K.L.:
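This is the structure I want to talk about, given as structure tokens.
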Amino acid sequence: MERTSAQPLLQAVESSSDWLLEHYEHLHRHPELSMEEHDTAEYIEDVLQGLGLETQRIGETGVVAIIENGDDRVVLGRADMDALPVTEDTALEYVSETPGVMHACGHDTHMAGLLGAVRTLTEHRDSWHGTFIALFQPSEEDASGARAMVADGLVYKTPKPDACFACHAMVGPAGQVSVKPGPTLSSADSMQITVFGRGAHGSMPHLSVDPVVLASSIVLRLQTIVARETEPGTFAVVTVGALHAGSSSNIIADRAELQLNVRTYDEKVRERVLAAIERIVRAECEAAGSPREPEFTYDDHYPVTDNDADLHDLVRASFDAAFGDDSQTATPATASEDFCAIPEAFGTPYAYWFVGSTDRERYSDAEARGAVSTEIPGNHSPAFAPVAEPTVVRIAQSHVAAAMAVFGSAE
């Protein structure tokens, strides 16, 4: 099928910027935590139904609407919905009205942007043929939302897409779109390790097996996994984010708990790192004379976000044509996502891209001084405040440009 320019649709998105920003500000004011997005889901449903679309709930608070516009290719666009347990510290006029909860990761921009894409595709059906699935996913922050929608029958309740798309607002020049083939976001594994000692009075350490000393040895030895067991140039992160043991200065406890986070881009590297963690922990416990085997509990797992190369090329060409110099090659991020569980359930290729959300002058000034990381609040910061325009508009436009790359022209 002959391809056509997405430019008229992108201009339509631009002309609806006031509508987009109104919804963005509402969503920012009313954040909800993972799997608690009940009011958010109702709001999204109201907007979609106001556009003449039927909606369905999938995964409790997930919302799906389908735009059917001919028998042709099917595209799925996804936006995540949940906020974070963060107290907002911005100067925005539309600051969060929910105490202790904030859209500190930009999911409000994602929702508003996808709504903008839906409105544009709904109102300009003469410009494309196919089916567009708008999917608003809950609970990305704890890696359960995508799986919840799949478990609730997503693949049986919607047509099978030919391509799935998602994006994320990030620190960077506002409105700049960046995408790359292959690994784009790392996998992530969270785990808790409990090691056991023998408790005693603090004045009688010879009667104990001290779990604090044991845990400290483990923390130090774990640093060698990346420094000495991982090939230079191969990405891996092992972080001990928490260590809990004891209750008083004069008591030697009988156990210690460590909480770890592991990030990798390659499954074989991931397997080696996780195996090395268990090997080191068991060896240190044996060396310390621990009376019990350590316990390992694996919690959240995010798979690698690994863009399909052919789909990337199609989308990148569309972004280049649509956005010119604002279409860039992405640098892999060490953050993680659960989005890919959705296309993987369908057996469908996907592409995931980033949209810059920082005031351009501010970003350029900080970049020139090497101060981006210290001066510009990033995702999950209480001061994270995307520049609403053009960020939200560009998210909507990027969804439209990606979809049009797959749809082609209307006959």
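Everything quoted here is computed from the prediction, not taken from an experiment.
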K.L.:
Please determine if Arg57 and Asp152 form a salt bridge, counting it only when a charged side-chain N lies under 4.0 Å from a carboxylate O.
P.N.:
no
K.L.:
Are Arg292 and Phe196 in a cation-pi setup, meaning NZ or CZ lies under 6.0 angstrom from the ring centre and within 45 degrees of the ring axis?
P.N.:
yes
K.L.:
Please check if the distance between the ring centroids of Phe354 and His168 is under 6.0 Å.
P.N.:
no
K.L.:
Run the salt-bridge test on Glu344 and Arg147 with the 4.0 Å N-O cut-off and return the result as yes or no.
P.N.:
no
K.L.:
Report yes or no: do Gln49 and Thr55 form a side-chain donor-acceptor pair below 3.5 Å?
P.N.:
yes
K.L.:
Crowded around Arg228 CZ? As in, over 12 foreign heavy atoms under 6.0 Å?
P.N.:
no
K.L.:
With a cut-off of 6.0 Å (strictly less than), are more than 12 heavy atoms of other residues, nucleotides or ligands near CZ of Arg29?
P.N.:
yes
K.L.:
Quick test of your reading of the model: are Asp365 and Arg369 salt-bridged, counting only N-O distances below 4.0 Å?
P.N.:
yes
K.L.:
OG1 of Thr194 to CZ of Phe296: how many Å apart, nearest 0.5 Å?
P.N.:
9.5 Å
K.L.:
Is a salt bridge present between Glu271 and Lys268, judged by a nitrogen-to-oxygen distance below 4.0 Å?
P.N.:
no
K.L.:
Aromatic contact between Tyr350 and Phe339, with the criterion being ring centroids under 6.0 Å apart: yes or no?
P.N.:
yes
K.L.:
Step through the shown structure and confirm whether more than 12 heavy atoms of other residues, nucleotides or ligands are within 6.0 Å of CD on Glu286.
P.N.:
no
K.L.:
Tell me whether the centres of the aromatic rings in Tyr43 and His23 are closer together than 6.0 Å.
P.N.:
yes
K.L.:
For Ser34 and Asp82, which I'm curious about, is there any donor-acceptor pair between the side chains at under 3.5 Å?
P.N.:
yes
K.L.:
How long is the straight-line distance from CZ of Phe384 back to OG1 of Thr358, given to the nearest 0.5 Å?
P.N.:
7.0 Å
K.L.:
For this output row, return yes or no: ring centroids of His312 and Trp353 closer than 6.0 angstrom.
P.N.:
no
K.L.:
Which atom pair, heavy atoms only, marks the closest approach of Asp80 to Met111?
P.N.:
O-CG, 3.4 Å
K.L.:
For Ser139 and Ser144, what are the C-alpha separation, side-chain angles and deciding distance, and is it a side chain to side chain donor-acceptor pair (under 3.5 Å)?
P.N.:
CA-CA 6 Å; Ser139 198; Ser144 68; 2.7 Å; yes
K.L.:
Give the C-alpha distance, both sets of side-chain angles, the deciding distance and a yes or no for side chain to side chain donor-acceptor pair (under 3.5 Å) between Arg316 and Thr329.
P.N.:
CA-CA 9 Å; Arg316 177 62 189 268; Thr329 300; 2.9 Å; yes
K.L.:
With rounding to the nearest 0.5 angstrom, report the NE2 to OG1 distance, His399 to Thr120.
P.N.:
12.0 Å
K.L.:
Between Arg272 and Glu229, is there a salt bridge with N-O shorter than 4.0 Å?
P.N.:
no
K.L.:
Using a strict threshold of under 4.0 Å (side-chain N to carboxylate O), is an ion pair present between Glu140 and Arg78?
P.N.:
no
K.L.:
Using side-chain heavy atoms (C-beta onward) and a distance below 4.5 Å, is Arg263 in contact with Phe235?
P.N.:
yes
K.L.:
Surrounding CG of Asp325 (heavy atoms of other residues, nucleotides or ligands, distance under 6.0 Å), is the total greater than 12?
P.N.:
no
K.L.:
Is there a donor in the side chain of Ser186 and an acceptor in the side chain of Ser336, or the other way round, less than 3.5 Å apart?
P.N.:
yes
K.L.:
Under 3.5 Å, is there a donor-acceptor pair linking the side chains of Asp320 and Ser327?
P.N.:
yes
K.L.:
Does the distance from a Lys or Arg side-chain N to an Asp or Glu carboxylate O, for Arg362 and Glu375, drop under 4.0 Å?
P.N.:
no
